[in-house]
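In listed order, ligands and their atoms are each counted from 1.
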Amino acid sequence: MENGGEPSGSSCNGSHDIDTENQEWEANTSIGRRPRAGFSDSFSSHDMEGGMYESSPRGVLEGSSRSLESETASPGASTSDSEGNQDPGASTRWNGFFHMLKKGPNVRFQKWKSVPKITRRKSKRIIEEMVPVLRPSTDGELCYFKSCWNNFTLSELEAATNNFSHDNLIGEGGYAEVYKGALEDGQLVAIKRLTRGTQEEMTADFLSELGVIVHVDHPNIAKLIGYGVEGGMHLVLELSPHGSLASILYGPREKLDWGIRHKIALGIAEGLVYLHEGCHRRIIHKDIKASNILLAEDFEPQISDFGLAKWLPDQWTHHTVSNFEGTFGYLPPEYFMHGIVDEKTDVYSYGVLILELITGRKALDSSQQSLVMWAKPLLSKNCILELVDPFLVDAYDSEQMNRMALTASLCIHQSSIHRPQMSEVEKILKGDAHTLATVKQCQQSKFQRTYSEELSDAEEYNSTKYLQDLGRYREIVLEPSNDA
Ligand SMILES: Nc1ncnc2c1ncn2[C@@H]1O[C@H](COP(=O)(O)OP(=O)(O)OP(=O)(O)O)[C@@H](O)[C@H]1O
């Protein structure tokens with residue numbers, strides 16, 4: 001297992017900071033594209049009542065654009081439904097939506113205020129009560145898109161970025177180039193310009209990201225300032241002066257003392273609690289990784305890149321994707337094996353991320369060694385000293401370190417049912433002994449009940465299988481047809 005120098009996770013789309021990632025990574029990026037599950041997902045629910053909820057931000061945006069379908073119609077692009085059937089109307093809806101954005105639309109988006117957690121077991125009546133809140137209404141909660149976010153013209157974006165000059169390029173991902181810019185009033189921004197993938201992939205990414213980010217409002221979520229749809233698809237975000245966590249953790253790491261690492265771990269946990277439990281909708285980010293964590297001036301972390309995010313209706317147990325999307329090294333076994341996505345997908349990725357903060361090692365190193373596989377035996381023997389990043393020497397708070405290591409081991413549990421919820425993670429990190437005792441007790445009883453299951457799981461999904469999956473995935477990504 002190596003320190004530094006390699007990509008953080010093996011991603012078919014891994015985003016990176018321009019200055020810090022190596023050439024090998026760039027090769028991966030240029031070949032690999034993020035396969036979109038949005039066109040072929042199946043939405044698995046045991047008790048879903050068909051059609052009641054939109055399944056993703058795209059659903060809401062399409063919903064908004066449906067009323068404008070007659071405005072613009074353009075044959076050509078199409079998308080598919082959850083069964084993979086082609087939907088020729090999708091292109092029309094998207095075109096209608098973009099047309100509407102260009103005009104400075106009266107599309108109404110609702111800011112999701114924080115609400116008490118509503119469990120999946122809540123009655124149908126309560127779920128139905130929530131529905132109108134999620135749809136355009138006149139309850140005063142709605143805000144008008146154009147009054148909240150700026151619709152930038154292409155010339156404004158060009159002026160801000162010196163014509164998208166290479167000197168202003170601060171990051172690249174699987175779908176986007178990110179440019180530093182200064183608006184007319186002097187505000188510094190990051191302009192994310194979708195440049196890679198097919199038109200459909202870029203549109204799906206744009207709609208997913210816009211559809212989530214305009215509805216969320218939390219100190220640990222990246223802030224949207226506006227958008228631009230002239231000459232391409234652009235998102236204008238507040239600039240994070242320190243770039244991404246990946247750029248610092250695998251760059252000038254001395255900036256990251258223990259206090260900052262702990263602050264980052266806690267802030268990401270709070271952001272995820274908000275996404276999972278604090279919004280009216282359950283939002284699964286699906287791509288939590290070091291390059292998707294931006295750092296504000298005071299190193300407050302902000303979760304960014306909602307291109308893969310999914311909304312889950314309350315009564316759905318999980319969502320199933322049939323195409324792989326996401327980043328190797330950060331994804332849990334049930335995702336590899338069955339395509340299952342729920343909150344515990346993010347919990348697992350979060351566990352990997354805090355292991356990176358503790359160890360200074362990447363989720364996958366250059367020889368495809370998994371950080372999880374390396375750290376698990378050390379965690380189970382409580383060999384904290386062997387885990388800790390040598391850069392820290394012994395400059396850390398031992399209690400906080402123990403809690404972080406314990407949290408990591410809980411979050412990367414092979415079986416999703418044994419992983420804590422993010423609200424429990426937050427409490428454990430803050431030193432809440434009662435929550436820790438409850439989680440441990442709960443784990444023990446689950447362990448007793450599912451011991452045999454656990455054994456068969458362990459046989460089914462071990463490191464060999466992980467590497468096989470990795471190999472298979474790489475083959476798919478490297479297939480020439482993917483670049484066609
Ligand atoms: N607001 C911002 N401030 C500063 N840097 C940013 C900002 N947004 C993005 N970046 C930089 O650009 C990189 C790529 O951005 P992002 O991850 O959003 O692109 P992407 O194409 O959606 O990536 P992915 O391949 O993960 O889907 C980030 O890792 C970060 O280094």
Side-chain angles (χ1 to χ4, degrees), residues 7-21 25-26 28-38 57 160-161 164 168-183 187-198 201-213 220-227 232-252 285-297 299-309 324-331 349 353 356 362-363 477:
S8 177
S10 171
S11 168
C12 53
N13 67 315
S15 52
H16 71 307
D17 299 276
I18 291 303
D19 297 333
T20 56
E21 307 283 340
W25 189 95
E26 281 173 18
N28 284 343
T29 307
S30 62
I31 296 163
R33 296 257 163 81
R34 174 159 65 200
R36 302 296 318 184
T161 56
F164 293 99
N168 289 43
L169 192 60
I170 51 170
E172 275 185 291
Y175 277 88
E177 289 171 352
V178 180
Y179 293 83
K180 183 177 174 171
L183 299 180
Q187 182 179 11
L188 293 177
V189 291
I191 299 174
K192 181 168 171 176
R193 182 184 215 186
L194 275 82
T195 48
R196 302 203 176 91
T198 63
E201 286 169 337
M202 288 194 293
T203 306
D205 215 58
F206 183 72
L207 294 182
S208 278
E209 182 141 21
L210 194 60
V212 170
I213 210 164
N220 297 112
I221 309 287
K223 297 264 177 311
L224 185 79
I225 292 170
Y227 64 92
M233 290 170 256
H234 306 90
L235 293 170
V236 182
L237 299 146
E238 256 179 34
L239 182 77
S240 296
H242 296 292
S244 74
L245 173 60
S247 66
I248 301 208
L249 194 54
Y250 306 114
H285 184 279
K286 270 189 80 223
D287 204 13
I288 293 294
K289 58 180 175 179
S291 59
N292 284 341
I293 303 299
L294 301 173
L295 299 172
E297 187 66 59
F299 286 93
E300 195 61 45
Q302 293 184 323
I303 299 169
S304 75
D305 191 359
F306 287 84
L308 294 184
F324 180 88
E325 55 185 11
T327 306
F328 267 94
Y330 288 94
L331 293 166
S349 310
L353 196 56
E356 291 185 273
K362 296 193 170 189
V477 168

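Residue Ser291 approaches ligand 1 through these ligand atoms, each under 4.0 Å from one of its heavy atoms: 28 (C), 29 (O). If you number the atoms of ligand 1 from 1 as listed, the ones under 4.0 Å from a heavy atom of Ala176 come out as 21 (O). Within ligand 1, the atoms closer than 4.0 Å to a non-hydrogen atom of Asn292 are 17 (O), 26 (O), numbered from 1 in the order shown. Applying the 4.0 Å criterion to heavy atoms of Gly174 picks out, from ligand 1, the atoms 21 (O), 23 (O), 24 (P), 25 (O). For ligand 1, the atoms lying closer than 4.0 Å to a non-hydrogen atom of Lys289 are 26 (O).
Panel note: side chain Ser240, backbone Gly243; no donor-acceptor pair is recorded below 3.5 Å.
The heavy-atom pair separating Lys286 from Leu331 by the smallest distance is O-CD2, 4.4 Å.
Between Phe164 and His234, the gap from one ring centroid to the other is short of 6.0 Å.
Within the 4.0 Å heavy-atom cutoff, Gln302 does not count among the residues contacting ligand 1.
Residue contacts with ligand 1, taken as heavy atom pairs separated by less than 4.0 Å, involve Lys192 solely via side-chain atoms from C-beta onward. No part of Thr327 comes within 4.0 Å of ligand 1, judged by heavy-atom distances. Only the backbone of Glu238 comes within 4.0 Å of ligand 1, counting heavy atoms alone; no side-chain atom from C-beta on gets that close. Counting heavy atoms closer than 4.0 Å to ligand 1, residue Leu308 contributes nothing at all. Under 4.0 Å from ligand 1, the heavy atoms of Ala190 that appear belong solely to its side chain.
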What verdict does the side chain to side chain contact (heavy atoms under 4.5 Å, CB included) test give for Ile293 and Gln302, after you've listed the backbone C-alpha separation in whole Å, the side-chain angles of each residue and the deciding distance to 0.1 Å?
CA-CA 6 Å; Ile293 303 299; Gln302 293 184 323; over 6 Å; no

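For ligand 1, the polar-atom distance check finds an N/O of Asp305 within less than 3.5 Å of one of the ligand's N/O atoms. Residue Gly243 has no N or O atom closer than 3.5 Å to an N or O atom of ligand 1. Between Asp205 and ligand 1, no pair of N/O atoms sits closer than 3.5 Å. Residue Ile170 has no N or O atom closer than 3.5 Å to an N or O atom of ligand 1.
Applying the side chain to side chain donor-acceptor pair (under 3.5 Å) rule to Asn168 yields no partners; only residues at least two apart in sequence or on another chain are considered. Residues that satisfy the ring pair (Phe, Tyr, Trp, His ring centres under 6.0 Å) test with Phe299, not counting sequence neighbours, are His242.
When only modelled atom types and interatomic distance are considered, Thr327 and Asp287 share a side-chain donor-acceptor pair under 3.5 Å. Using a 3.5 Å distance cut-off with no hydrogens or angles, the side chains of Tyr330 and Glu356 do pair a donor with an acceptor.
Contact check for Asp205 versus Leu194: side-chain heavy atoms found under the 4.5 Å cut-off.
Between Asp305 and Lys289 there is no salt bridge, since no side-chain N of the basic residue sits under 4.0 Å from a carboxylate O of the acidic one.
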